[in-house]
Amino acid sequence: MKTAGQSGQVEGRAALPRLRTAARVAAAMFGAYGFAWGLAAFGAELGALAGMAPAEAVTASSLLALVVLPVASLWAFAVPRVTVGWAVLGGGGVLLIAVSQFDGLAGP
C-alpha cells in the first residue's frame, strides 16, 4: 500500500520528462523561428553590404531561412541536452538579430 508521500514522488518523476519535452517543443517552435529570423535579418544586411540590391538580399536570405527553419526545429529534438538547444537557437537568434541591427549603423 502506497502512502501519500510515495505517490507524490512518482508523479514528480513522471512530470520531469513532460517538462523536458515541453522545453524541446518550445525550443523547436520559438527558438528555431528566432534563429531563422535572425539569419534572414543578418543575411539581408550582409548581402546589402556585399553590393546586392536590397530586395535581392532580403529574398535570398529569406529563402535560406526557409530551409534552415525546419532543420533547426528538428535539431532541437536531436540535441542531447535541451539547454544546449536553447543556447544555440535562442542565443544565436538574439545574437544574429543584434548584429544585423548594429551592422546598419556602421554603413555610410
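We use all heavy atoms of the structure for the numbers below, so side chains are in, but hydrogens, waters and symmetry mates are not.
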Notebook entry, point to check: Is the backbone N or O of Ala32 less than 3.5 Å from a side-chain atom of Ser73, with the two atoms forming a donor-acceptor pair by type?
Noted result: no

Check: Once you round to the nearest 0.5 Å, how far does CD of Glu45 lie from CG of Leu96?
Finding: 12.0 Å

Next item on the list: Would you check if the side chain of Ser62 reaches a backbone N or O of Thr59 as a donor-acceptor pair within less than 3.5 Å?
Entry: no

Note to self: Applying a strict under-4.5 Å side-chain criterion to I, L, V, M, F, W and Y, I'd like to know whether Leu64 and Phe42 cluster together.
What the structure shows: yes

Notebook entry, point to check: Between Gly38 and Ile97, what is the shortest heavy-atom contact and its length?
Noted result: CA-CG1, 3.4 Å

Notebook entry, point to check: With distance as the sole test, does Trp75 use its side chain to make a donor-acceptor pair with the main-chain N or O of Gly85 at under 3.5 Å?
Noted result: no

Note to self: Please check if the number of heavy atoms outside Trp37 that lie under 6.0 Å from its CH2 is greater than 12.
What the structure shows: no

Note to self: For Leu69 and Phe35: C-alpha separation, side-chain torsions, deciding distance, then whether side chain to side chain contact (heavy atoms under 4.5 Å, CB included) applies.
What the structure shows: CA-CA 8 Å; Leu69 179 62; Phe35 186 79; over 6 Å; no

Note to self: Would you say Val68 ends up clustered with Val84 if hydrophobic residues are merged whenever their side chains have heavy atoms under 4.5 Å apart, either directly or through other cluster members?
What the structure shows: yes

Item checked: Same cluster (ILVMFWY, side-chain, under 4.5 Å), Val99 and Leu89 -> yes

Next item on the list: Starting at CG of Leu46, measure out to CE of Met52 and round the result to the nearest 0.5 Å.
Entry: 10.0 Å

Notebook entry, point to check: When hydrophobic residues are tied together by side-chain contacts of less than 4.5 Å, even through go-betweens, does Val88 share a cluster with Phe30?
Noted result: no

Margin query: Could you check whether any side-chain heavy atom of Val25 comes within less than 4.5 Å of a side-chain heavy atom of Phe77, counting everything from C-beta outward?
Written below: yes

Margin query: Would the distance check show the side chain of Arg24 and the main-chain N or O of Ala76 forming a donor-acceptor pair, the cut-off being under 3.5 Å?
Written below: yes

Notebook entry, point to check: Okay, side chain of Ser61, backbone of Ala40: is any donor-acceptor separation there less than 3.5 Å?
Noted result: yes

